[in-house]
S.K.: 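Structure provided below as structure tokens; questions to follow.
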Amino acid sequence: MSKIIDERLMAAAIRYARRNIARTKTNPSVACIIVRSENGKDQIVGRGITAIGGRPHAEPVALAEAGDKAKGATAYVTLEPCAHHGATPPCAQTLIDAGIARVVTAWVDPDSRVDGKGHAMLRAAGIDVETGILAEEARHDLGGYLARKQQNSPWVTLKLAISKDGYIGVKGKGQVKITGAISRAQVDMMRSYHDAIMVGSSTAIEDDPELICRRPSLKSRSPHRIILDSRARLSPKSRLVNSLDIAPLSIVVGPNADQTNIDALQKTGANIISGELVDGRIALPEMLEDIAATGISSLFVEGGAKVANAFLEAGLVDEVNMFIGDMMVGENGITAPINRQLPPAGFSLVRTEHFEDDVLYVYRKGEH
Ligand code: AOF
Ligand code: ZN
């Protein structure tokens with residue numbers, strides 16, 4: 001099959017895998033599309049994605065749909081098929097047994113139980129294997145899983161909503177509307193694509209947000225909420241605590257936090273994470289490592305200014321989602337740490353999107 005067809009089918013697989021992003025526990029959401037060429041015509045005969053909760057994997061689902069038509073067909077998989085025995089045999093073996101002739105993947109699976117062994121099993125069985133197809137595009141969605149496996153850290157996306165005059169809020173006033181309804185709906189969607197969402201305690205106390213996906217259809221996909229709260233100042237009566245039935249809540253506290261406050265928060269069902277302090281603030285790299293160890297692959301950081309700055313200064317941001325709204329804040333504005341004129345250093349602009357009168361600029365670390 002030509003490279004263009006390979007890329008088209010991989011693009012379809014990448015899109016399909018998006019359906020279960022952040023719903024597959026510690027597993028990445030992978031897709032497998034099985035394509036058969038007959039009389040010069042390519043036909044999709046089976047499709048599968050990693051199921052909600054992480055099992056079954058994508059390949060057996062796609063193979064079950066393809067049945068006998070898998071013989072001699074090509075399998076497009078967004079990640080290298082696994083080589084380890086879980087509840088079911090390795091996917092590489094399942095592909096071999098089904099008679100697949102060719103396997104095309106985007107990435108080698110960095111899981112130490114796989115890490116090239118899946119591709120090697122397929123090749124040893126005489127299957128033609130090609131990898132690295134649309135790797136950059138697949139990285140967009142697999143980024144969190146790859147970061148957790150390769151760097152013991154989640155993929156960090158920093159979201160900022162900046163007014164036309166360069167501010168992210170008003171001093172002492174808490175939340176002010178900077179973007180319109182369509183952008184806010186888009187943020188709901190972005191939240192649902194992440195394993196966890198994070199704000200600092202000042203934002204949590206001043207704004208008293210819920211940090212859930214507000215739209216009814218996305219509510220059940222609300223991510224784990226994590227608050228950086230070195231002194232355990234969050235109120236057990238806050239809306240974050242009151243919405244524990246919708247999504248879990250973790251509070252990262254420092255070693256000197258008041259134990260009575262910690263006990264009161266813990267009693268509500270909130271999870272307490274013990275953080276280390278550096279210069280009186282939670283040490284971010286260690287905190288990221290701790291949450292990655294619990295299986296969190298992607299983190300959506302929503303502010304405020306101090307938290308945004310701390311992540312940027314420590315070089316811990318992988319992607320910036322910068323919304324520029326159409327309104328002015330005027331006096332007493334809180335200055336954004338970065339803006340269109342002052343983009344994050346070492347990042348490149350990869351995408352621009354329009355939501356009514358607002359513009360979203362997506363930056364990624366490095367050259368793209
Ligand atoms: C695949 N296809 O659809 C996915 C894979 O706990 P287990 O046994 O499910 O294994 C988890 C690992 O499986 C995960 O770390 C990653 O290496 C792989 N995910 N592999 O062949 C899939 N989701
Ligand atoms: Zn598998």
Side-chain angles (χ1 to χ4, degrees), residues 9-10 12-35 44 46-66 70 73-100 102-125 127 129-135 137-155 193-195 289 291-298:
L9 289 159
M10 184 58 81
I14 291 168
R15 267 200 309 278
Y16 190 35
R18 239 165 245 168
R19 198 173 285 193
N20 278 352
I21 282 185
R23 304 169 98 183
T24 50
K25 299 241 171 90
T26 56
N27 237 319
S29 177
V30 174
C32 173
I33 291 184
I34 298 179
V35 179
I44 294 178
R47 302 186 312 164
I49 42 173
T50 314
I52 294 174
R55 280 253 165 197
H57 285 181
E59 298 88 329
V61 177
L63 288 170
E65 191 190 344
T74 298
Y76 292 86
V77 201
T78 53
L79 186 71
E80 176 184 12
C82 67
H84 64 278
H85 281 269
T88 48
C91 289
Q93 192 59 50
T94 315
L95 289 163
I96 296 167
D97 295 345
I100 289 286
R102 184 166 174 257
V103 173
V104 179
T105 67
W107 278 87
V108 170
D109 183 353
D111 187 303
S112 58
R113 297 167 297 178
V114 190
D115 200 16
K117 295 188 223 28
H119 287 150
M121 272 173 78
L122 296 167
R123 286 196 178 107
I127 293 176
V129 177
E130 213 167 318
T131 188
I133 300 296
L134 290 195
E137 288 77 358
R139 184 176 169 77
H140 196 97
D141 299 326
L142 284 174
Y145 171 75
L146 299 171
R148 180 164 62 79
K149 287 282 174 192
Q150 293 168 332
Q151 293 141 35
N152 299 320
S153 175
W155 177 273
Y193 277 163
H194 289 82
D195 289 337
E289 205 171 305
I291 65 169
T294 69
I296 287 174
S297 297
S298 55

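Counting begins at 1 with the first residue of the sequence. Computed from a predicted model, the values in this text were never measured in an experiment. When a ligand or atom number is given, it counts from 1 through the structure's own listing order.
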S.K.: Of Glu59, Gln93, His57, which is the lone residue that meets side chain to side chain contact (heavy atoms under 4.5 Å, CB included) with Pro81?
M.R.: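 Between Pro81 and the candidates, side chain to side chain contact (heavy atoms under 4.5 Å, CB included) is satisfied uniquely by Glu59.
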
S.K.: For atom 14 (C) of ligand 1, what's the nearest protein heavy atom and its distance?
M.R.: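 The answer is Asn27 OD1, 3.3 Å.
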
S.K.: Tyr145 heavy atoms, cut-off 4.0 Å: which ligand 1 atoms fall inside?
M.R.: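 Near Tyr145, meaning under 4.0 Å from one of its heavy atoms, ligand 1 has 14 (C), 15 (O), 16 (C), 17 (O).
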
S.K.: Please check if the side chain of Glu80 supplies one atom and the backbone of Val108 the other of a donor-acceptor pair under 3.5 Å.
M.R.: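 No, Glu80 side chain to Val108 backbone: no donor-acceptor pair under 3.5 Å.
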
S.K.: For Ser298 and Asp195, indicate whether the former's side chain and the latter's backbone hold a donor-acceptor pair under 3.5 Å.
M.R.: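 Judged by distance alone, yes, a pair lies under 3.5 Å.
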
S.K.: Give the residue and atom name of whichever protein heavy atom lies nearest to atom 1 (C) of ligand 1, and the separation in Å to one decimal.
M.R.: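 Here the nearest protein heavy atom works out to His57 ND1, 3.2 Å.
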
S.K.: Can you name the atoms of ligand 1, numbered from 1 with element, that are less than 4.0 Å from a heavy atom of Pro81?
M.R.: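 With Pro81 as reference, the close atoms of ligand 1 come out as 21 (O).
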
S.K.: To check your reading of the model: name the closest protein heavy atom to atom 15 (O) of ligand 1, its residue, and the distance in Å.
M.R.: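 Nearest protein contact, heavy atoms only, for atom 15 (O) of ligand 1 is Asp111 OD2, 2.8 Å.
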
S.K.: For the atom pair CG (Leu95) and CD1 (Ile34), what is the distance rounded to the nearest 0.5 Å?
M.R.: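 It is 6.5 Å, given to the nearest 0.5 Å.
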
S.K.: Starting at OG1 of Thr78, measure out to CD1 of Ile49 and round the result to the nearest 0.5 Å.
M.R.: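 Nearest 0.5 Å value for the OG1-CD1 distance: 10.0 Å.
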
S.K.: Examine Cys82 against ligand 1 and note whether any of their N/O atoms are separated by less than 3.5 Å.
M.R.: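 Among all N and O atoms of Cys82, at least one is under 3.5 Å from an N or O of ligand 1.
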
S.K.: Could you state the interatomic distance from CZ (Arg55) to OG1 (Thr24), rounded to the nearest 0.5 Å?
M.R.: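 One gets 12.0 Å once the value is rounded to the nearest 0.5 Å.
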
S.K.: Can you find an N or O of Val30 that's nearer than 3.5 Å to an N or O of ligand 1?
M.R.: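 No - when backbone and side-chain N and O of Val30 are compared with those of ligand 1, no distance drops under 3.5 Å.
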
S.K.: Can you tell me how far the CZ atom of Arg139 sits from the OH atom of Tyr145, to the nearest 0.5 Å?
M.R.: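 Nearest 0.5 Å value for the CZ-OH distance: 13.5 Å.
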
S.K.: Please determine whether a side-chain nitrogen of the Lys or Arg among Glu130 and Arg102 lies less than 4.0 Å from a carboxylate oxygen of the Asp or Glu.
M.R.: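 Answer for the salt bridge query: yes.
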
S.K.: Considering only non-hydrogen protein atoms, determine which one is nearest to atom 17 (O) of ligand 1 and report residue, atom name and distance to 0.1 Å.
M.R.: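 The closest one turns out to be Asp109 OD2, 2.4 Å.
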
S.K.: Considering non-hydrogen atoms only, spot the tightest contact between Asp141 and Arg18 and give its length.
M.R.: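 It is OD2-NE, 2.8 Å.
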
S.K.: Under 4.0 Å from any heavy atom of Arg113, which atoms of ligand 1 are there?
M.R.: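 Those qualifying, in numeric order: 10 (O), 11 (C), 12 (C), 15 (O).
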
S.K.: Give me the nearest non-hydrogen protein atom to atom 10 (O) of ligand 1 as residue plus atom name, then the distance to 0.1 Å.
M.R.: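 Going atom by atom, the protein heavy atom closest to atom 10 (O) of ligand 1 ends up being His84 NE2, 3.1 Å.
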
S.K.: Output the distance between atom SG (Cys91) and atom CG (Asp109), rounded to the nearest 0.5 Å.
M.R.: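 Spacing of SG (Cys91) from CG (Asp109) equals 10.5 Å.
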
S.K.: So, at under 2.8 Å, which protein N, O or S atoms would a careful student list around the Zn ion (ligand 2)?
M.R.: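 His57 ND1, Cys82 SG, Cys91 SG, with waters left out.
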
S.K.: Between Asn20 (side chain only) and Ser29 (backbone N and O only), is there a donor and an acceptor less than 3.5 Å apart?
M.R.: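 Answer holds: no.
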
S.K.: Just let me know how Cys91 lines up against ligand 1, side chain, backbone, both or neither, with a heavy-atom cut-off below 4.0 Å.
M.R.: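 Side chain only; the backbone of Cys91 stays clear of ligand 1.
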
S.K.: Could an N or O of ligand 1 be found under 3.5 Å from any N or O of Arg55, whether backbone or side chain?
M.R.: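 The answer is yes, given that Arg55 and ligand 1 share an N or O pair closer than 3.5 Å.
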
S.K.: Considering only protein heavy atoms, which is closest to atom 2 (N) of ligand 1, and at what distance to one decimal place?
M.R.: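 Of every protein heavy atom, Glu59 OE1, 2.9 Å lies nearest to atom 2 (N) of ligand 1.
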
S.K.: Can you tell me how far apart CG (Leu142) and CD1 (Ile14) are? Round to the nearest 0.5 Å.
M.R.: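 Atom-to-atom, Leu142:CG and Ile14:CD1 are 8.0 Å apart.
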
